[in-house]
Amino acid sequence: MENDGTSDQEVYELETVDLSKSFFGIKAVNGVSLQIKRGSTHALIGPNGAGKTTCFNLLTKFLSPTTGTIRFRGENITDWSPSQVVNLGLVRSFQISAVFPHLTALENVRLAAQRRRGRSFDFWRSERVLKDLDETACNLLEDVNLLDVRHTLAANLPYGRKRALEIATTLAVEPRMMLLDEPTAGMSHDGVNEIVALIRKIRRDKTILIVEHNLSVVEGLCDAITVLARGKVIAQGDYSTVSQDPEVIEAYLGAPERSVSFGQHQEENA
Ligand code: ATP
């Protein structure tokens, strides 16, 4: 479907057609066709080794596909560079916006905002520019509830707040679509709830693609889910559709660690 962004129905922010990536003859991603609606929060899930990370790397151009096409906002970006796709508004958390541990939270977000405005060289020349960037950075820090620690070195922030800072630096480059790679990994129950609340707050006018192993998070946050197994899409739809799909259940049951979480989650919801 050629998408000119003028139709209200089925406007896809990101589409792939028959996307594949082989490593030494093994297909890590095998004929994946995704349609991610503009403004949706879409999850990519699957057991270990399903191809989720490879897919993310293809979408953000860290890897080139063996075959297939990728369209972002109707533009064929298959052969684009990582920085070109960032400039078009497709940004992966931790991609451009690496958090520098020895800079403060404010300095980190200001640097990311500076990059977006393309003022890397004349930045320090104008006091007004500096003030504008400070204001932008403070607004973003407020959005992610980090304003109170803006002068703290990133290295000294607790884990959950570091993830929030990473999200703020991603937001600073003004993405239209954000790709979040396991944003709740390694977090306590409270930390998970905080990140979920944060994603709800910042997603407003954005499209989000999220790789997430925590199925409660996926269920609570995502409008649509694509399930991968062995590089292929085995199911797509809302949570209740995919969670009842026999192929999905089998894929999770075949992968001990993940199957346990899917099984437990289903029981919790029974
Ligand atoms: P996990 O949930 O464990 O992170 P995943 O769904 O992200 O898994 P991928 O990391 O994309 O899965 O891996 C898919 C398959 O591709 C795996 O079999 C993996 O070993 C293989 N693979 C990924 N990257 C490479 C690479 N650079 N070279 C060779 N094989 C790779």
Side-chain angles (χ1 to χ4, degrees), residues 36 39-45 52-53 56 60 91-113 134-225 238-239 243 257-258 260-262 264-266 268-269:
I36 298 173
S40 67
T41 302
H42 192 117
L44 195 57
I45 67 169
K52 305 177 295 291
T53 304
F56 252 45
T60 47
V91 185
R92 177 179 185 159
S93 186
F94 332 121
Q95 180 181 347
I96 287 302
S97 44
V99 164
F100 298 102
H102 301 301
L103 295 182
T104 65
L106 178 64
E107 288 164 343
N108 265 292
V109 180
R110 199 167 57 196
L111 262 183
D134 265 347
E135 202 177 305
T136 303
C138 282
N139 288 340
L140 287 165
L141 287 165
E142 192 168 15
D143 278 351
V144 301
N145 306 322
L146 290 180
L147 197 56
D148 58 327
V149 289
R150 62 190 176 283
H151 299 305
T152 303
L153 293 182
N156 295 338
L157 291 173
Y159 182 70
R161 298 197 112 190
K162 257 187 214 139
R163 302 297 312 242
L165 178 58
E166 284 159 355
I167 289 177
T169 55
T170 306
L171 288 169
V173 295
E174 296 175 13
R176 289 170 160 145
M177 177 164 179
M178 290 173 78
L179 282 74
L180 303 177
D181 198 356
E182 299 198 42
T184 69
M187 286 195 176
S188 65
H189 186 262
D190 287 349
V192 170
N193 289 342
E194 275 171 34
I195 285 286
V196 167
L198 183 56
I199 294 170
R200 278 187 205 287
K201 185 170 163 192
I202 53 113
R203 64 181 169 183
R204 295 187 285 251
D205 52 344
K206 298 187 196 323
T207 308
I208 294 187
L209 179 64
I210 179 169
V211 164
E212 180 56 64
H213 284 302
N214 183 328
L215 295 166
S216 302
V217 170
V218 171
E219 183 181 21
L221 207 53
C222 299
D223 313 301
I225 297 158
D238 61 16
Y239 188 87
S243 64
E257 318 86 283
R258 303 300 176 217
V260 171
S261 56
F262 211 149
Q264 281 174 344
H265 188 62
Q266 285 186 318
E268 278 163 26
N269 290 334

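What you are looking at is a predicted structure, and each value in this text was computed from that prediction instead of being measured.
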Which atom pair, heavy atoms only, marks the closest approach of [X] to [Y]?
X	Y	value
Thr170	Glu166	OG1-O, 2.8 Å
Thr207	Gly39	OG1-N, 2.9 Å
Leu106	His151	CD2-CE1, 4.0 Å
Leu221	Arg203	O-NH1, 2.8 Å
Thr136	Ala113	CG2-CB, 4.4 Å
Ala168	Leu140	O-CD1, 4.2 Å

Subject >> Residue that, paired with Ile195, satisfies side-chain contact (heavy atoms from CB on, under 4.5 Å) out of Val192, Asn193, Ile199 >> reply: Ile199

**OP:** Run the numbers on Arg200 and Thr41 for side chain to side chain contact (heavy atoms under 4.5 Å, CB included), then give the verdict.
**Re:** CA-CA 9 Å; Arg200 278 187 205 287; Thr41 302; over 6 Å; no

Pairwise side-chain contact, [X] with [Y], heavy-atom cut-off 4.5 Å (strictly under):
X	Y	result
Leu171	Met178	yes
Val211	Thr53	no
Leu209	His42	yes
Leu165	Val144	no

**OP:** Not counting sequence neighbours, which residues clear salt bridge (charged side-chain N to carboxylate O under 4.0 Å, His left out) with Asp134? List them please.
**Re:** Arg110

Subject >> Donor-acceptor contact below 3.5 Å, side chain Arg161 vs main chain Asn145 >> reply: yes

Original post:
With distance as the sole test, does Lys201 use its side chain to make a donor-acceptor pair with the main-chain N or O of Asp143 at under 3.5 Å?
Top reply: yes

Subject >> Matching residue for Asp181 among Lys52, Arg163, Arg92 - test: salt bridge (charged side-chain N to carboxylate O under 4.0 Å, His left out) >> reply: Arg92

Can you tell me how far [atom2] of [Y] sits from [atom1] of [X], rounded to the nearest 0.5 angstrom?
X	Y	atom1	atom2	result
Met177	Lys206	CE	NZ	12.5 Å
Glu219	Ser243	CD	OG	7.0 Å
Glu194	Ser188	CD	OG	7.5 Å
Asp223	Ile36	CG	CD1	11.5 Å
Asn156	His102	CG	NE2	9.0 Å
Asp238	Ile225	CG	CD1	7.0 Å

Subject >> Intermediate values then yes/no, side chain to side chain contact (heavy atoms under 4.5 Å, CB included), Asn214 and Met187 >> reply: CA-CA 11 Å; Asn214 183 328; Met187 286 195 176; over 6 Å; no

